[in-house]
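Note sheet for the following structure.
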Amino acid sequence: MAKAAVMGAGAWGTALAIHLARCGFEVLLWDRDQERAAAAQQARENEAYLPGVPLPDGVTVSADLSRVAGVPSLVLAVPSAALREVAGALKPYVDGGTWAACATKGLEEGSGKLMHEVLVEVLGDRLGGWAILSGPSFADEVGRGLPTAITVAQPDAQRAEKVAAWFRCDPLRVYTSDDPVGVELGGAVKNVIAIAAGIADGMGLGYNARAALITRGLAEMSRLGVAMGGHAETFAGLTGLGDLVLTCTGPLSRNHQLGEVLGQGTPVDRVSPALWRRAEGVRAARALHGKAAGLGVDMPITEQVYRVLCEGEDPRRAVRSLMQRTPKAERPLDGE
């Protein structure tokens with residue numbers, strides 16, 4: 001039986017471990033918290049992050065990092081803030097025969113690097129190959145076996161196909177892409193736009209406002225993506241528009257939940273610490289704000305979300321700022 005290790009026992013990592021077991025892998029699910037790992041292993045369920053979804057017999061939960069040694073298929077599903085640290089800790093246990101799929105969405109704060117750039121920087125000389133996994137996929141639905149389509153991206157088509165094959169079994173449909181920059185950026189920007197959509201919903205602004213945020217958010221995503229070397233057409237696909245629609249409209253989105261709480265009038269410093277910590281859009285807003293400024297890319301929705309989250313801007317004032325911007329012609333394909 002083929003072996004795989006999933007680093008990160010949050011909801012997404014747990015769902016991917018469950019799916020890989022369905023595909024015939026013997027899976028190690030690594031949780032950095034020893035007590036939580038032991039509890040999940042005993043209960044055969046990750047009650048902390050994916051309650052109600054049983055772990056198949058093929059999944060073993062452990063906090064022992066050394067058990068990764070010799071496992072040829074590695075999936076990283078840790079928060080963006082932890083990727084560099086976890087990748088560094090993996091160094092003694094991976095070699096040229098190890099391939100990695102990075103399922104972490106976001107940018108690294110400070111450096112502004114995409115997750116595959118961090119992965120290659122830390123482990124590049126120890127990996128046989130790598131790819132990015134992204135797409136519209138709530139962890140709970142993947143864990144419960146509901147139909148889902150995702151994308152695996154790598155500049156080399158054969159390498160992308162090798163990693164995509166790990167995940168190819170019902171109910172997951174897996175596409176490949178040669179644009180890791182575009183695929184990754186879509187996964188980062190959509191979390192910020194989802195916070196904006198949640199704010200609008202929390203304020204009761206209606207479906208028209210949500211539709212406007214999604215479409216103009218897509219323009220921002222494309223604009224920055226092209227500036228960073230991504231392909232404009234990528235953002236019309238699963239990892240762009242698909243992930244954006246899901247995260248802005250689905251009730252399971254933590255980023256939308258955070259925005260809704262803020263839109264209902266909860267001050268930033270009164271938001272539940274757990275929700276604040278788990279909403280990747282908070283970190284992404286900070287990183288994207290710096291990235292857009294450095295590249296001279298206009299991202300008005302992202303800018304206003306950053307101001308609400310990091311500068312204490314009132315959400316109502318942020319909405320007015322967006323609505324009162326200078327009129328312009330719409331050119332969605334090139335992000336204008």
Side-chain angles (χ1 to χ4, degrees), residues 79-81 105-112 185-225 227 243-245 247-251 253-328 330 335-336:
S80 59
K105 296 180 179 181
L107 283 81
E108 185 178 49
E109 285 192 71
S111 72
L185 197 66
V189 177
K190 60 95 179 180
N191 285 329
V192 179
I193 306 303
I195 293 176
I199 289 173
D201 287 346
M203 294 173 63
L205 300 185
Y207 297 126
N208 295 348
R210 183 197 292 173
L213 285 167
I214 291 173
T215 50
R216 296 313 300 163
L218 181 62
E220 291 191 16
M221 182 187 293
S222 176
R223 186 184 304 146
L224 181 62
D243 212 355
L244 182 63
V245 169
T247 315
C248 288
T249 62
S253 166
R254 291 186 293 268
N255 293 287
H256 186 279
Q257 291 168 10
L258 171 61
E260 196 165 7
V261 166
L262 294 171
Q264 290 168 348
T266 302
V268 167
D269 59 1
R270 300 293 297 275
V271 172
S272 159
L275 180 58
W276 185 266
R277 184 174 62 253
R278 293 183 186 182
E280 276 283 351
V282 175
R283 288 183 287 272
R286 291 192 289 252
L288 288 167
H289 177 260
K291 176 69 75 173
L295 292 173
V297 175
D298 186 29
M299 300 183 72
I301 300 173
T302 301
E303 174 68 20
Q304 293 302 324
V305 171
Y306 170 82
R307 290 182 179 178
V308 169
L309 296 176
C310 304
E311 296 182 351
E313 178 71 289
D314 184 284
R316 288 160 183 78
R317 180 189 287 273
V319 170
R320 286 197 298 272
S321 295
L322 288 173
M323 295 300 293
Q324 293 171 2
R325 296 181 72 240
T326 303
K328 63 196 305 185
E330 184 186 28
E336 289 299 324

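Throughout, residue positions are numbered sequentially from 1 according to the sequence presented.
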Which atom of Arg283 lies closest to which atom of Pro79, heavy atoms considered: NH2-CB, 4.0 Å

Salt bridge present between Arg216 and Glu330 (N-O < 4.0 angstrom): yes

Nearest heavy-atom neighbours spanning Pro315 and Met203: CB-SD, 4.1 Å

Nearest-0.5 Å distance that lies between atom NE2 in His289 and atom CZ in Arg307: 7.0 Å

Side-chain donor or acceptor of Asn255 paired with backbone N/O of Gly281 under 3.5 Å: yes

Residue pair Ile195 / His256, side-chain heavy-atom distance below 4.5 Å: no

Closest non-hydrogen atom pair between Leu295 and Ala227, with its separation: CD1-CB, 4.4 Å

Qualifying residue for side chain to side chain contact (heavy atoms under 4.5 Å, CB included) with Ile214, from Ile193, Thr249, Thr247: Thr249

Rounded distance [0.5 Å steps], OG in Ser272 versus CG in Leu258: 9.5 Å

Pro251 backbone acceptor or donor facing Gln257 side chain under 3.5 Å: yes

Heavy-atom side-chain contact between Arg325 and Asp298 under 4.5 Å: yes

Residues Arg286, Glu109: salt bridge by 4.0 Å N-O rule: yes

Ile301 vs Gln304, side-chain contact (heavy atoms from CB on, under 4.5 Å): CA-CA, chis, key distance, verdict: CA-CA 5 Å; Ile301 300 173; Gln304 293 302 324; over 6 Å; no

Check against salt bridge (charged side-chain N to carboxylate O under 4.0 Å, His left out), Glu220 and Arg223: CA-CA 5 Å; Glu220 291 191 16; Arg223 186 184 304 146; 5.4 Å; no

Between CZ on residue Arg316 and OG on residue Ser321, distance to nearest 0.5 Å: 13.5 Å

Donor-acceptor pair between Ser80 and Glu108 side chains, under 3.5 angstrom: no

pair Leu107-Leu185: side-chain heavy atoms closer than 4.5 Å: yes

Closest approach of Ala188 to Ala284 (non-hydrogen atoms, all atoms of both residues): O-CB, 3.7 Å

From CZ (Arg254) to CZ (Arg277), nearest 0.5 Å: 10.5 Å

Leu262 CG to Arg270 CZ distance, which is reported to the nearest 0.5 Å: 13.0 Å

Asn191 and Val282, any side-chain heavy atoms less than 4.5 Å apart: no

Contact check, side chains of Trp276 and Leu309, non-hydrogen atoms, under 4.5 Å: yes

Minimum side-chain heavy-atom gap Lys105-Asp243 below 4.5 Å: yes

4.5 Å side-chain heavy-atom contact, Val261 and Leu275: yes

Ser222 side-chain N/O to Ala219 backbone N/O, donor-acceptor pair under 3.5 Å: no

Close side-chain approach of Glu260 and Ile199, heavy atoms under 4.5 Å: no

Leu213 side, atom CG; Asn208 side, atom CG - distance, nearest 0.5 Å: 11.0 Å

Shortest non-hydrogen contact from Gly202 toward Gln264: O-CG, 3.6 Å

